[in-house]
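Side chains are part of it too, since the values below use all heavy atoms of this structure and drop only hydrogens, waters and symmetry mates. Throughout, protein chains are lettered first and strands after them, A, B, ... in sequence-line order, and every chain is numbered starting at 1.
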Amino acid sequence: MTDLNYDQTLHLKNIVPQRAIEEIDLWIKKYPEERKRPPIIAALKVVQEHNGNYLTEETMQAVAEYLDVPDVAVYEVATFYSMFHLDKVGRYVISVCNNISCSLRGADKVIEQLQSRLNIRAGETSDDGLYTIKTVECMAACAGAPMLEVNKTYYENLTEEKIDKILSDIAAMELKRAAVRSTIDDAASIEPSEVKD
Amino acid sequence: MDKVHIEIDGKKLEAEVGSMIIEVADEADIYIPRFCYHKKLSVAANCRMCMVDVGSLPKAVPACATPVAEGMVIQTQTAKAINAQKSVMEFLLINHPLDCPVCDQGGECELQDLSIGYGADVGRYSESKRVVKDKDLGPLIATDMTRCIHCTRCVRFGQEVVGIREMGATGRGEHMEIGTYIESSIESEVSANIIDLCPVGALTAKPSRYKARAWELRQSSSVAAHDCLGSNVYVHHRRNEIIRVVPKENEAINEVWLSDRDRFSYQALSEGKRLLTPRIKRNGEWHDTDWQTALNKVVAEMKRVIGASKGNDFGMLVGNSVTTEESYLAQKLIRGAGSNNIDFRIRRRDYSGDGSGMVRSGFNFPMEKLDEMDATLLIAADLRHEQPLSAFRVRRSTGFGQVMAINPFDGEYNFRLTHELQPETNLLAQEVAAVVAAADKICPDVLSAEAKEWLASVEFNQTHEKIASNLINSESSCLLSGVYVQEHPQAETINWLIESLALITSSSWGYMTQGCNAAGNKIAGAVPMRSAAGGKSKPGKNARQMITEGMKGYFLLNCEPDVESIWSEQALKNLQKAEYVIALTPFADGRALEYADVMLPIAGCFETSGTYVNVEGKWQSFGAAVAAQGEARPGWKVLRVLGNLFELAGFDYESSQQVINHLREKFDAVGDIRVARKIPSPLTLVDFNEATRESLGLYKVDPMVRRAKALQQTPKASTHHISISRVKT
Amino acid sequence: MTNEVCFRTLHLEMPWSLEAYESVGGYSTLKRIVAGELSFETIIDELKLSALRGRGGAGFPTGLKWSFMPRNLAGQKYVVCNSDEGEPGTFKDRDILRYNPHQLIEGMIIAGYVMNATVGYNYMRGEFYEPLERMEIALAEARKKNYIGNNILGSDINFELHNHMGAGAYICGEETALIESIEGKKGQPRFKPPFPANYGVFGRPTNVNNTESYASVPAILQHGGQWFLELGKPGNGGTKIFSVSGHVNKPGNFEVNLGTKFSDLLAMAGGVHGGKKLKAVIPGGSSSPILNADTVMNISMDYDAIGKAGSMLGSGAVIVLDETTCIVELAATTAHFYYEESCGQCSPCREGTGWMSRVIHRILKGEGRPEDLDNLDRVASNIMGRTICALGDAAAMPIKGFLKHFRHEFEYMIEHKRSMVKG
């Protein structure tokens with residue numbers, strides 16, 4: 001039964017910060033008003049980013065409600081596209097390309113190095129909830145093979161030193177983040193990129 | 001339509017432009033194998049099984065997605081076509097478990113059938129097979145998702161036909177899985193159609209799971225008994241046990257579909273607590289007895305109570321799924337015995353229209369036309385619950401037309417409404433009147449002066465005008481009123497308004513009715529104001545009077561007024577108080593055990609022959625699929641013997657066919673006479689509080705449905721389908 | 001000559017800026033349109049003359065495609081750019097988006113004008129956050145100058161352009177899957193017909209082209225179709241960006257004339273790295289069949305020549321393989337990719353890609369059987385031509401190619417349970 005007083009947008013508004021809602025609203029504006037589904041992908045990406053890099057049943061349902069589409073329409077999209085994670089992952093998802101061009105230039109060594117430094121296998125998340133190693137298909141940066149992506153940022157022409165530098169930069173960022181966390185309440189929603197110098 | 005000339009396997013055919021090869025082939029009885037194609041669903045072209053060889057094209061093409069063209073030469077049996085089909089079959093089988101011996105679909109599986117024709121004897125796939133976790137879709141549908149071949153028929157059914165997306169295909173590639181959102185059960189009232197659509201054993205009927213193999217089943221045609229549509233069904237049975245019920249295609253009625261209610265209610269017969277012998281209550285204790293003793297007792301008690309009160313204090317209440325033959329004999333019996341107190345309308349408040357209107361109530365147009373309406377106005381009509389399958393048709397019309405509603409409740413719609421009015425329950429008549437008045441303003445030359453005067457004081461606003469003008473300006477339009485209108489204290493006023501609106505707007509109209517045979521019961525004369533075929537009758541008491549005023553004796557013909565009536569509490573009280581209650585019922589449970597004095601076992605649906613007249617006036621006769629259980633007998637036979645025992649004339653029928661033929665002759669002789677409705681009294685604010693405002697829940701409509709186990713386990717069973725809380729005070 | 005078309009700003013400082021683009025004549029074509037100097041018929045004629053062919057992989061003549069759009073049909077029409085760039089080995093569109101976004105924007109505005117479409121979507125693959133940023137800045141610049149928006153430069157031309165992002169699905173590079181994805185659905189290709197020109201985004205007429213195709217248009221119209229045609233060779237007009245990767249010293253994008261010799265392209269990429277010998281080349285992205293060194297060293301890089309050699313120019317992704325490359329490993333990587341990326345709709349592709357991948361990985365584990373190779377070839381053949389979209393063929397062709405040219409490496413591995421090259 002329709003409850004006329006039920007606010008379909010509240011659920012999502014309670015899960016993600018206002019700026020995420022604003023970002024989703026920007027995407028919504030790009031499509032004809034009567035079309036409800038086009039912003040699903042963008043909304044899920046925004047929500048995932050603000051929800052520790054993964055989607056839960058609750059967040060997907062909130063997106064469905066917010067966009068006024070059937071739950072299953074959102075679930076279908078979330079399970080189809082490989083950038084969505086439906087299980088808990090690390091705050092830093094390290095996606096290593098192991099397609100042809102990167103394989104030809106040592107992607108397997110990159111994966112090995114990450115696995116040994118972080119002490120997890122590809123597909124796993126570290127116990128501290130910080131890192132997930134994921135192997136992915138070609139990301140259109142083969143000139144810089146081997147390459148990887150950390151959350152939204154590409155790192156190309158990887159060498160052993162470069163990989164160590166990426167990992168130590170993340171560790172340093174985490175220290176800063178911990179310091180910020182102790183001073184404000186909203187630390188959970190702080191994005192790694194915002195803590196960059 | 002323009003035609004093109006094509007040739008399939010050497011057969012010269014004419015086909016409509018734009019039709020697909022597979023449609024033309026089906027029409028011409030040329031079989032092309034398929035899994036994803038279904039004539040009632042959109043073309044998905046994903047299984048790739050229906051590959052055929054089209055003369056000019058280098059590769060085989062899917063027949064389901066290739067439109068015909070002038071001069072096209074199609075072959076289904078060339079090496080090119082067969083190789084394509086065989087290779088697709090091989091792909092479909094590599095991840096299929098091939099567990100046919102333990103699969104419920106075995107013997108009627110499209111994959112199994114086709115693999116015999118197109119599969120190889122030896123598998124060349126030696127890698128590991130995919131295993132998919134089963135989904136819990138609720139009490140009606142069993143899943144074995146490893147068997148799924150991803151044809152997406154079930155997904156498209158929800159999306160396109162029902163309009164509610166419950167099933168989806170999640171994941172991608174080989175990881176694609178068919179299921180619901182996360183893991184929720186399917187709740188729609190038509191969910192089990194996906195069982196029929198599933199070409200493999202991934203979705204099977206849970207209540208009949210592992211009960212029998214397809215080839216052991218015998219099939220009988222019948223008519224479903226739980227809504228006024230009268231869906232055609234096949235009853236599948238084995239050794240006199242009903243195993244399952246499936247739809248029988250009838251394009252004009254149920255197309256290829258069936259509501260869950262019509263599909264699973266049989267469970268009450270095979271698994272319910274059945275009354276197997278006549279029973280008589282002595283000193284508060286039930287005793288089994290023989291028919292002779294029981295019937296003699298019934299006759300004696302009827303004579304006593306009727307005699308003592310000159311017929312006034314004895315009445316007969318007729319249930320929702322009683323056949324036309326039964327009601328015909330029942331009214332003959334009670335009238336012959338000296339009483340005119342008979343009624344099937346146990347949820348009606350307003351009887352002021354008795355004697356006017358049509359002999360049969362229902363639609364004045366064929367159901368099929370619902371598909372084509374440019375404008376449809378729903379008046380207190382909850383299609384999805386009253387007649388789930390007509391909602392498909394109305395939904396289809398929204399592809400080009402519009403649907404509007406004056407519904408005094410929060411309805412659940414599987415289509416978009418263009419205008420929706422939600423009056424308080426007791427302002428329903430006022431709201432309809434406003435639309436009539438608005439229509440009268442646009443077309444002032446239709447109604448009589450008297451009618452116009454009645455409408456003069458009715459106020460209306462822009463929405464009423466918009467609805468009226470939409471109806472007037474539409475090429476084809478109809479007014480559909482729900483069961484709830486007939487339960488309304490101002491039913492007759494609203495009926496008059498509906499017919500006036502239809503007149504002004506040149507719309508068709510249709511009254512939906514409770515149960516499967518309201519039209520048949522009315523024609524048969526199971527009403528106090530008329531005898532069979534609109535014949536005259538000394539007026540008797542109506543159901544409301546019988547139930548609320550109390551009587552010394554009741555004859556319940558497969559009827560449970562303590563549950564079904566809107567005065568259920570009073571019904572129970574008065575039944576308990578009565579001196580003698582005779583209950584003809586297929587079931588040995590319920591409150592009848594408390595209030596009845598004699599219980600006579602009658603056949604349930606599918607156990608008796610009979611006729612239902614659906615809401616459009618279609619007479620549908622059927623034979624018994626299985627024999628009645630124990631000592632139970634078809635109701636018409638019990639009534640016939642009672643007539644004989646009363647030594648009444650006209651009870652010599654040897655078959656139900658003779659009964660219905662007799663009634664039909666009478667009816668055809670007078671036709672569907674229609675007495676003009678009287679102009680109603682002025683509108684007032686009615687009191688609703690004397691009886692429940694709730695209508696009967698989806699799975700509460702009749703004794704059989706209420707006893708169907710699986711249906712009762714669904715989430716929908718626990719809710720009243722119309723929650724009417726708002727009353728203007 | 002290099003970098004004359006899509007990369008013509010590359011030598012400038014901040015090549016992505018509006019200033020840089022305008023300095024090479026950017027938006028001059030738009031201004032000519034606004035001034036009434038270029039009719040839509042002329043534009044289509046020039047494109048036809050230029051012999052520009054779709055740069056996404058299919059190579060369909062762009063001018064012809066544009067002429068299919070029912071420009072006079074009432075109602076909304078759409079111009080869509082396919083920047084999904086997912087074909088393994090391809091990385092050219094990312095650089096157009098990053099280094100010359102305005103040229104893409106102008107190309108799409110022109111397309112909108114030609115087709116009477118007022119809305120455009122640029123569909124970028126989900127990981128393209130950096131290109132998105134550049135595109136958004138460029139769009140803001142263009143909007144400010146009224147190159148996009150309503151009544152462009154005072155004319156009656158309206159055009160709004162939006163970026164749309166995917167979320168990781170190779171199949172969305174297929175135009176109808178991309179359309180489904182814009183509509184917020186799973187990227188499952190639609191059956192054709194109807195083609196997007198009649199039934200595209202939101203059921204409306206839609207033109208879909210690759211980033212490089214749109215970005216080529218302003219340069220073509222600025223210098224003339226004849227100029228472009230002459231850069232390449234007949235039927236293969238213009239330049240093409242080749243993304244060279246793999247075993248070369250200087251992997252990168254090279255925008256060169258069509259018909260350039262492969263050996264010259266290899267030289268531009270610094271030759272095979274480590275002084276090793278060239279073994280083979282995958283000339284047009286991972287779905288194009290492999291060509292061995294002898295063949296490839298003697299051909300020129302254009303649609304016709306590569307087609308004649310038994311492969312495809314595709315997206316222009318040239319993957320160079322040296323003598324140490326194990327073809328079975330390569331086949332396993334390739335097969336796994338298509339297995340992961342099949343959308344799952346059509347039975348042959350959904351089931352067949354998994355089958356091929358499993359067999360090759362089993363061979364790689366040393367558990368191969370002699371009959372596997374014929375079976376593999378048969379399975380690949382059975383997928384081909386039997387699916388809604390071209391992914392089925394894309395998955396099958398390279399496998400058939402590997403088996404055709406390097407069957408001995410597979411046989412060696414089955415027999416010896418180790419790689420012929422790696423030992």
So which residue, [options], ends up with the most heavy-atom pairs under 4.5 Å with chain C?
options	answer
B:His175, B:Met49, B:Glu90, B:Lys59	B:Glu90
B:Ser126, B:Ser87, B:Pro58	B:Ser87
B:Pro67, B:Cys47, B:Cys36	B:Cys47
B:His150, B:Met51, B:Met176, B:Lys86	B:His150

Distance only, no hydrogens: is a donor on one side chain within 3.5 Å (strictly under) of an acceptor on the other, for C:Ser287 and C:Glu87?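 Yes, a side-chain donor-acceptor pair sits under 3.5 Å.
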
Among C:Lys192, C:Arg190, C:Met384, C:Arg362, residue most engaged with chain B (heavy-atom pairs, under 4.5 Å)
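So the answer, after comparing C:Lys192, C:Arg190, C:Met384, C:Arg362, is C:Arg362.
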
At a heavy-atom separation under 4.5 Å, does [X] approach chain C through its side chain, its backbone, both, or neither?
X	value
B:Pro62	side chain
B:Thr152	neither
B:Ala169	both

Between C:Trp355 and B:Phe91, what is the ring plane arrangement, given parallel below 30°, perpendicular above 60°, and tilted in between?
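C:Trp355 vs B:Phe91 ring planes: perpendicular.
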
inquiry  = Taking the ring centre of each residue, are C:Phe202 and C:Tyr78 less than 6.0 Å apart?
reply    =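 Ring-ring flag for C:Phe202/C:Tyr78: true, centres closer than 6.0 Å.
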
Output the distance between atom CZ (B:Arg156) and atom CD1 (B:Ile194), rounded to the nearest 0.5 Å.
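One gets 13.0 Å once the value is rounded to the nearest 0.5 Å.
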
Output for pair (C:Tyr412 OH, C:Ser419 OG), nearest 0.5 Å, gives 8.5 Å

Legend entry - Verdict with supporting geometry, B:Ile141 and B:Thr204, side-chain contact (heavy atoms from CB on, under 4.5 Å): CA-CA 6 Å; B:Ile141 302 164; B:Thr204 53; over 6 Å; no

Whatever's closer than 4.5 Å to a heavy atom in chain B on C:Gln188 counts as side chain

At a heavy-atom separation under 4.5 Å, does C:Ile383 approach chain B through its side chain, its backbone, both, or neither?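 Looking at C:Ile383, backbone and side chain both touch chain B.
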
Could you please spell out the steps behind the side-chain contact (heavy atoms from CB on, under 4.5 Å) verdict for C:Ile360 and C:Leu376?
CA-CA 8 Å; C:Ile360 300 173; C:Leu376 208 49; 3.6 Å; yes

